[in-house]
Protein chains: 2
Amino acid sequence: MKYCSIGEAAARFRIPESTIRYYEKKGLLPLIERDAAGRRLFSEDQMALLSTVICLKNTNMPINDIKQYVAWILEGDSTLELRLKMMSEHKQAVLDEMALMTESLQGIDEKITRYKTRIQERKEVTQ
Amino acid sequence: MKYCSIGEAAARFRIPESTIRYYEKKGLLPLIERDAAGRRLFSEDQMALLSTVICLKNTNMPINDIKQYVAWILEGDSTLELRLKMMSEHKQAVLDEMALMTESLQGIDEKITRYKTRIQERKEVTQ
DNA sequence: TGTTGACTTAAACCGCGGTTTAAGTCGTAT
DNA sequence: ATACGACTTAAACCGCGGTTTAAGTCAACA
């Protein structure tokens, strides 16, 4: 049962300490323990929760939704269905967003191809 | 050579008119023509440019970068290399972002699977 | 003992990407 | 004539997601 300081937690996930403090203040990281001097102590459970929060953040879930999700975790098994529904809907939202990005990427790829052609043509003309 | 009003342009791309005005003010849509009454007229070229802007926005390119890109288009063929470099780098950034999302999605999928299992187990126990 | 470095807090500040508001100008159908 | 709907502008406003600042506390090491 090793505990991490905020500095170690920040280093492990490569995010600023200020972000972790911000997440705690916003209710994304409840129940963080403290040592006698008031410094945060992150248990392995808390590190796992932080990992989950970052995972949801990486997929653009709004802070308030993550907060709701974490609150449901604390509430226990009675919220299993709610959490399943939330994660399922979020997954679909992420897939939709990725589909839009993939589609838009095609337009970008066309530009890349056209630019390469035009640059090559210009070279040939001036030879 | 049909021209679109701002309302028609907004409808075609399913975005608010205010967003189009905002993009013009930010320099993303230069050279928009006007009728005698001062109303915007979108040529097919302008509609194509708007389409490009939306494509870049859909892939999370910052407004200022899009502005730079549009300025390079106006500058002509001397900026072909710059545009190619920008689009190539942007493509890579998009691919990186999608890779991160895909990875994070795995964590979400695991939660979905676990929740389904736990819900099923609870049903079996109470039977 | 005193200085350094890691931590603490609350509050102010920031950029981003729009959206809303308020007041006004047209063209057109009744 | 007038009323309506589509447009115009500048400026104010907004939520989001942090980041920065300032002032302070504490533990450990020289």
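So that the names make sense, note that chain A is the first sequence line, chain B the second, and so on, each numbered from 1. Bear in mind the structure is a predicted one, so any value in this text is a computation, not a measurement.
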Anything under 3.5 Å between a donor and an acceptor, one on a side chain of residues 102-110 of chain B, the other on a protein residue two or more places apart or in another chain? List them.
unit_1    : atom_1 : unit_2    : atom_2 : d
Thr102(B) : OG1    : Met98(B)  : O      : 2.8
Ser104(B) : OG     : Leu100(B) : O      : 2.9
Asp109(B) : OD1    : Lys91(A)  : NZ     : 2.8

* **Positions of residues 91-103 of chain B (non-hydrogen atom under 4.0 Å from DNA chain C), listed by number** =>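 Nucleic-acid contacts, sorted: none.
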* Asked: What is the nucleic acid contact for Ser18(B), judged by heavy atoms within less than 4.0 Å: base, sugar-phosphate only, or nothing?
  ->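 Touches a base.
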* Asked: Just checking Lys26(B): base, sugar-phosphate only, or nothing, at a heavy-atom cut-off of under 4.0 Å?
  ->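 Lys26(B): no heavy atom of the nucleic acid under 4.0 Å.
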Rounded to the Å, how far apart are [X] [atom1] and [N] [atom2]?
| X | N | atom1 | atom2 | value |
| --- | --- | --- | --- | --- |
| Ile15(A) | dG18(D) | CD1 | P | 9 Å |
| Leu29(B) | dG17(C) | CG | P | 15 Å |
| Asn60(B) | dC16(D) | CG | P | 18 Å |
| Asp35(B) | dA6(D) | CG | C1' | 11 Å |
| Asn64(A) | dG15(D) | CG | C1' | 10 Å |
| Lys67(B) | dG15(C) | NZ | C1' | 15 Å |
| Lys57(B) | dG17(C) | NZ | P | 11 Å |
| Ile63(A) | dG15(D) | CD1 | C1' | 12 Å |

* **Residue pairs fulfilling salt bridge (charged side-chain N to carboxylate O under 4.0 Å, His left out) with at least one residue in residues 30-41 of chain B, sequence neighbours excluded** =>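 Found Glu24(B)-Arg34(B), Glu24(B)-Arg40(B), Asp35(B)-Arg39(B).
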* Pairs involving residues 53-75 of chain B, ordered by first then second residue, that meet salt bridge (charged side-chain N to carboxylate O under 4.0 Å, His left out) (sequence neighbours left out) ->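 Applying salt bridge (charged side-chain N to carboxylate O under 4.0 Å, His left out) to every pair that reaches into residues 53-75 of chain B, excluding sequence neighbours, yields nothing.
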* Start with the C-alpha gap between Tyr69(A) and Leu28(A), add the side-chain angles, then the distance that decides, and say whether side-chain contact (heavy atoms from CB on, under 4.5 Å) holds. => CA-CA 9 Å; Tyr69(A) 175 69; Leu28(A) 272 46; over 6 Å; no
* Linked, directly or transitively: Leu49(B) and Leu31(B) (ILVMFWY side chains, under 4.5 Å) ->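 Each belongs to a different hydrophobic cluster.
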* Do Tyr3(A) and Ile32(A) share a hydrophobic cluster, counting only Ile, Leu, Val, Met, Phe, Trp and Tyr and linking them when any side-chain heavy atoms are less than 4.5 Å apart? ->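 No, it is not one cluster - the side chains of Tyr3(A) and Ile32(A) are not joined through contacts under 4.5 Å.
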* Asked: Hey, is Lys85(B) close enough to Glu89(B) for a salt bridge, meaning N to O under 4.0 Å?
  ->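 A salt bridge is present here (some side-chain N lies under 4.0 Å from a carboxylate O).
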* **Dot-bracket encoding per residue of DNA chain D, Watson-Crick/G-U cut-off under 3.5 Å, | denoting interstrand** => ||||||||||||||||||||||||||||||
* Just by protein heavy atoms under 4.0 Å, how would nucleotides 7-13 of chain D read 5' to 3' in B, S and -? -> SBB----
* Asked: Are any of the side-chain heavy atoms of Thr117(B) and Gln120(B) separated by less than 4.5 Å?
  ->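 They are not in side-chain contact.
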* Does the Thr19(B) side chain pair with the main chain of Ile15(B), one donor and one acceptor, at a distance under 3.5 Å? ->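 No, Thr19(B) side chain to Ile15(B) backbone: no donor-acceptor pair under 3.5 Å.
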* State whether the side chain of Glu8(A) and the backbone N or O of Ser5(A) hold a donor-acceptor pair below 3.5 Å, judged by distance alone. =>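 Here the side-chain-to-backbone pair exists.
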* Asked: What's the verdict on side-chain contact (heavy atoms from CB on, under 4.5 Å) for Trp72(A) and Met86(A), showing C-alpha distance, side-chain angles and the deciding distance?
  -> CA-CA 10 Å; Trp72(A) 280 336; Met86(A) 187 181 213; 3.8 Å; yes
* To do: Considering just the side-chain nitrogens and oxygens of Thr19(A), establish if one lies under 4.0 Å of OP1 or OP2 belonging to dT19(D).
  =>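 It does, given that an N or O in the side chain of Thr19(A) lies less than 4.0 Å from OP1 or OP2 of dT19(D).
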* Between dT19(C) and Tyr22(B), is there an OP1 or OP2 to side-chain N/O distance shorter than 4.0 Å? ->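 For dT19(C), OP1/OP2 do not have a side-chain N/O of Tyr22(B) under 4.0 Å.
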* Candidate pair Leu84(A) and Arg118(B), rule side-chain contact (heavy atoms from CB on, under 4.5 Å), full reasoning -> CA-CA 10 Å; Leu84(A) 173 59; Arg118(B) 287 171 65 185; over 6 Å; no
